[in-house]
Colleague: 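Sharing a structure below in structure tokens format, with a few things to ask.
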Amino acid sequence: MIQFEGVTKTYGEGSNAVNALSGIDLTVETGEIFGVIGFSGAGKSSLIRCVNLLERPTKGKVFIHGKDLTSLSKREVRSTRKDIGMIFQHFNLLNSKTVFHNVAMPLLLSGFGKKEMSKRVAELLDFVGLHDKADQYPDQLSGGQKQRVGIARALATNPSVLLCDEATSALDPETTQSILDLLRKINKEYKITILIITHEMGVIREICDKVAVLENGVVLEHGSVFDVFTDP
Ligand code: ADP
Ligand code: ADP
């Protein structure tokens, strides 16, 4: 479960201050696919960055499974990072490394031995349908294949939460569909809670259980996708 309690994020100070988020209260239940939709500048990235520990709220708290992310020790930061996978619009792969090494990176960083690591990477590549691409470099792959590598890397440490930052915005409709299908499979098979930020209504309608509409740093509406987007 992910909880936002009165989360405010302010960048800058005094007359330059920008309130990216103003008192966000939201709960994402375990096992849900939860979408946050809003235009550019709404505060979506700021919200997700407060979950993956890249930002700290200026005020308020974020909890994962009841643990307050705003007051973690260094050791807890490391273990919490492993519990949170993230995928990105532009994939964020290392172009100088093979697919194998991109997926192995988080395992290497968390101290896996070579044999165990190779086995796990093979399993992950199999799961995302890229078992024959291990020795290729990102430049040799299509956008959809790159995102599959991103997904394999994000799942490497067995996270309970997957954050998706405009993960299909750089992909064509057909590829978007196949990535959304894969996300649904991850949610079902591994019981991973998925938080998606997007400006695309199609993504919300296609796979989200719940949605929050964000505008100027506040939640305008939230609830089931059906309730929020079906006219009375
Ligand atoms: P979104 O992801 O919905 O586009 P962001 O969270 O990126 O929204 O941005 C929300 C607001 O905060 C915008 O006005 C943006 O310009 C501002 N903002 C985001 N990051 C920073 C930053 N590092 N420094 C200053 N302002 C920022
Ligand atoms: P680099 O390309 O960085 O020089 P290598 O390709 O030599 O690294 O790989 C280093 C180690 O990573 C290998 O000894 C092997 O254990 C593992 N490895 C790399 N690619 C694969 C792969 N496709 N399948 C299994 N293990 C691999």
Side-chain angles (χ1 to χ4, degrees), residues 2-28 32-64 68-72 77 80-81 84-93 143 146-147 150-151 153-154 159 161-173 175-176 179-180 183 192-225 228-229:
I2 310 168
Q3 289 161 289
F4 299 89
E5 263 184 31
V7 172
T8 292
K9 179 69 195 179
T10 307
Y11 297 104
E13 282 173 29
S15 57
N16 293 323
V18 176
N19 273 332
L21 299 172
S22 304
I24 302 288
D25 293 310
L26 277 180
T27 299
V28 179
E32 270 179 352
I33 304 184
F34 194 106
V36 175
I37 190 164
F39 295 117
S40 175
K44 305 183 297 296
S45 306
S46 299
L47 191 71
I48 220 166
R49 289 166 67 89
C50 287
V51 181
N52 71 4
L53 305 170
L54 286 174
E55 297 281 2
R56 211 173 243 278
T58 311
K59 265 197 287 182
K61 289 181 173 175
V62 181
F63 299 87
I64 286 199
D68 177 6
L69 297 188
T70 56
S71 63
L72 296 177
V77 167
T80 303
R81 283 227 166 96
I84 304 171
M86 179 136 174
I87 59 173
F88 306 88
Q89 178 172 9
H90 298 295
F91 324 118
N92 295 16
L93 302 177
K146 285 184 203 172
Q147 194 56 290
I151 289 170
R153 179 182 58 186
V161 170
L162 179 65
L163 307 176
C164 307
D165 182 354
E166 299 283 3
T168 55
S169 299
L171 305 174
D172 62 60
T175 310
T176 292
I179 295 296
L180 295 180
L183 292 178
I192 293 179
T193 304
I194 300 184
L195 177 61
I196 291 175
I197 62 172
T198 184
H199 65 278
E200 296 176 302
M201 182 66 100
V203 169
I204 301 286
R205 284 199 190 279
E206 180 65 30
I207 66 163
C208 294
D209 304 309
K210 300 240 185 89
V211 63
V213 181
L214 198 64
E215 191 177 296
N216 291 325
V218 300
V219 174
L220 291 187
E221 264 192 276
H222 68 101
S224 75
V225 173
V228 171
F229 291 122

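On a predicted model such as this, the values are computed, not experimentally measured, just so you know. In listed order, ligands and their atoms are each counted from 1.
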Colleague: I want to check something: taking the side chain as every heavy atom from C-beta on, are Ile151 and Ile179 in contact at a cut-off of under 4.5 Å?
Modeller: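 When only atoms from C-beta onward are counted, Ile179 and Ile151 do touch, with a gap below 4.5 Å.
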Colleague: Using a 4.0 angstrom limit on heavy atoms, which residues are close to ligand 1?
Modeller: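 Protein residues near ligand 1 are Tyr11, Val18, Ala20, Phe39, Ser40, Gly41, Ala42, Gly43, Lys44, Ser45, Ser46.
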Colleague: Can you list the residues that meet the salt bridge (charged side-chain N to carboxylate O under 4.0 Å, His left out) rule with Arg81, with sequence neighbours excluded?
Modeller: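 Once residues adjacent in sequence are excluded, Arg81 has no partner under the salt bridge (charged side-chain N to carboxylate O under 4.0 Å, His left out) criterion.
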Colleague: Is there a donor-acceptor pair closer than 3.5 Å between any side-chain N or O of Gln147 and the backbone N or O of Phe88?
Modeller: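 Checking the backbone N and O of Phe88 against the side chain of Gln147, a donor-acceptor pair under 3.5 Å is found.
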Colleague: For the pair Lys44 (side chain) and Leu214 (backbone), establish whether a donor and an acceptor sit closer than 3.5 Å, ignoring hydrogens and angles.
Modeller: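 Flag not set: sc Lys44 to bb Leu214 has no pair under 3.5 Å.
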Colleague: Would the distance check show the side chain of Lys210 and the main-chain N or O of Ile33 forming a donor-acceptor pair, the cut-off being under 3.5 Å?
Modeller: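 Pair absent, no side-chain N/O of Lys210 close to backbone of Ile33.
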Colleague: For a quick test of reading the model, state the closest non-hydrogen atom pair linking Ile87 to Ala167 and the distance between them.
Modeller: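 Ile87 and Ala167 have their closest heavy atoms at CD1-CB, 3.5 Å.
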